[in-house]
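Encoded as C-alpha cells, the structure appears first; notes follow it.
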Amino acid sequence: MISVVIPALNEEEPIAAVVRDCLATGLPAEVIVVDNGSTDRTAERAQAAGAKVVSEPTPGYGRACAAGVRALSADCDLVVFLDGDGSDCPELMPLLVDPIRRGEQDFVIGSRTRGKRERGSMNFQQVFAGRAAGWLLRLLYGVSYSDMCPFRAIRREALEKLGMKEQTYGWNLEMQMRAARARLRILEVPVNHRCRTGGESKVSGTLRGTFVAGIRIIATLFRVAMER
Ligand SMILES: Nc1nc2c(ncn2[C@@H]2O[C@H](COP(=O)(O)OP(=O)(O)OP(=O)(O)O)[C@@H](O)[C@H]2O)c(=O)[nH]1
Ligand SMILES: [Mg+2]
C-alpha cells in the first residue's frame, strides 16, 4: 500500500490540486498533508480535497515529514514525498513507485536537474547545490545523485531503519546520505518540474529562506558525514 506525505506551510492556493493530482494517479491509498503551523486555509483545503491532515505546530520541514511518517497507516509499505506547492508532477508517480513495487529498488528519487524544467522553476543556487551535493556524495559513498529533489519514494521499512534526525531543511539530503550509507538499492529518475502553482515561496525565492536552508543543508552534510 502506497501513502503520500506532503509537508505544507501556508499553501492554501496550490494544495488542493496537489492532493487531487496524487489521488488521480490511483496509486496512493492515503495522502497525508502535514500542516506545519499554517495561518491560512491549507488544512481545510487539503482535507476537502481528500487528504488526511496531520498538524505539526512546531516549524521545520524535516519535523513535518517525520510527523507524516508517524501518521502512516499500519498497512502502508511504500512512502512517496512531494512538496505542497504544485511544483512537482504527481502524474509521474509511477516512475518512482514502480521500480520499488517490482522489488528492484528501495529508494527512487526524482532529479529535476536531469528532467524538463519550466523556466524559472529552479534558480541557479538550487541547481548548483544539487549537483555539488551529488558530487560530494559520490566521493563519500560512491552513489550518484544530481539533485536534492523532494519528490521521492522509499520502502517504508527501509525509511524507518535509516534513523532520520534532521528537523528542518536538511531532511532531503539526510535521507539521500543515509540511504547511500545503508547501501539501499537507489535509482534516480529524471522528473519534470514546474513553477509553484500559487502562493508564496518560503525557501529559494527569498534571501532569508535561501540562507537558512543553505546553512541547514551544509550542517546536515557535515553532521551525517562525521557520524560513525
Ligand atoms: N512543513 C514545512 N514545510 C515547509 C516549510 N517551509 C517550506 N515548506 C514547504 O516546503 C516546500 C518547499 O518550499 P517552497 O516555498 O516551495 O520552496 P522552494 O521550492 O525553494 O521555492 P519555490 O520556487 O517558491 O517553489 C513547500 O511545500 C512548502 O510548503 C516549513 O518550515 N515547514
Ligand atoms: Mg517549491
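We count ligands from 1, going down the list as the structure has it; atoms in each ligand are counted the same way. Worth saying up front: this structure is predicted, and the values here are computed from it rather than measured. Counting from 1, the numbers follow the sequence of the chain as shown.
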For Glu11, which part has a heavy atom under 4.0 Å from ligand 1: side chain, backbone, both, or neither? side chain

Once you round to the nearest 0.5 Å, how far does CG of Asp77 lie from CZ of Arg101? 10.0 Å

Is it the side chain (CB and beyond), the backbone, both or neither of Ser204 that lies under 4.0 Å from ligand 1, heavy atoms counted? both

Among all protein heavy atoms in this structure, tell me which lies nearest to atom 8 (N) of ligand 1, with the distance rounded to 0.1 Å. Tyr61 CD1, 4.0 Å

Over all heavy atoms of both residues, which pair between Leu78 and Ala153 is shortest? Give the atoms and the distance, please. CD2-CB, 3.9 Å

How does Ser201 reach ligand 1, if at all, at less than 4.0 Å between non-hydrogen atoms: by side chain, backbone, both, or neither? both

Rounded distance (nearest 0.5 Å) linking atom CZ of Arg181 with atom CD of Glu174: 9.0 Å

Nearest neighbour in protein (non-hydrogen) for atom 14 (P) of ligand 1: Arg196 NH2, 3.3 Å

Atom 16 (O) of ligand 1 sits nearest the protein heavy atom Asp85 OD2, 2.6 Å

Looking only at protein heavy atoms, which one is nearest to atom 27 (O) of ligand 1, and what is the separation? Gly84 N, 2.8 Å

For atom 13 (O) of ligand 1, the protein heavy atom that lies nearest, with its residue and separation: Val203 CG2, 3.6 Å

Is there a nitrogen or oxygen of Pro59 sitting under 3.5 Å from a nitrogen or oxygen of ligand 1? no

Whether the Glu188 and Ser146 side chains hold a donor-acceptor pair (N or O, under 3.5 Å, no angle test) is what I'd like checked. yes

Numbering the atoms of ligand 1 from 1, which are under 4.0 Å from a heavy atom of Ala64? 1 (N)

Could you find the nearest protein heavy atom to atom 12 (C) of ligand 1 and give me its residue, atom name and distance? Asp83 OD2, 3.2 Å

Please test Gln47 against Val33 for side-chain contact (heavy atoms from CB on, under 4.5 Å), starting from the C-alpha separation and ending with a verdict. CA-CA 8 Å; Gln47 194 165 22; Val33 170; over 6 Å; no

Among Lys202, His193, Gln126, Arg63, whose heavy atom sits nearest atom 15 (O) of ligand 1? Lys202

Calculate, to the nearest 0.5 Å, the distance between atoms OG1 and CD belonging to Thr220 and Gln167 respectively. 10.5 Å

Please classify the Tyr169 to ligand 1 contact at 4.0 Å (heavy-atom distances, strictly less than): side chain, backbone, both or neither. side chain

Between the CZ atom in Phe107 and the CD atom in Gln176, the distance rounded to the nearest 0.5 Å is 5.5 Å

Within the structure provided, determine whether Asp106 and Glu157 are in side-chain contact (heavy-atom separation under 4.5 Å). no

Identity and separation of the nearest protein heavy atom to atom 1 (N) of ligand 1: Asn36 OD1, 2.8 Å

Any chance you could pull the hydrophobic cluster mates of Ile218, using side-chain heavy atoms under 4.5 angstrom and chaining through other members? Phe222

Under 2.8 Å from the Mg ion (ligand 2), is there any N, O or S atom belonging to Asp85? yes

Taking all atoms of both residues into account, what is the closest heavy-atom pair of Val108 and Leu95, and its distance? CG1-O, 4.0 Å

Ligand 1 contact by Gly60, heavy-atom criterion under 4.0 angstrom: yes

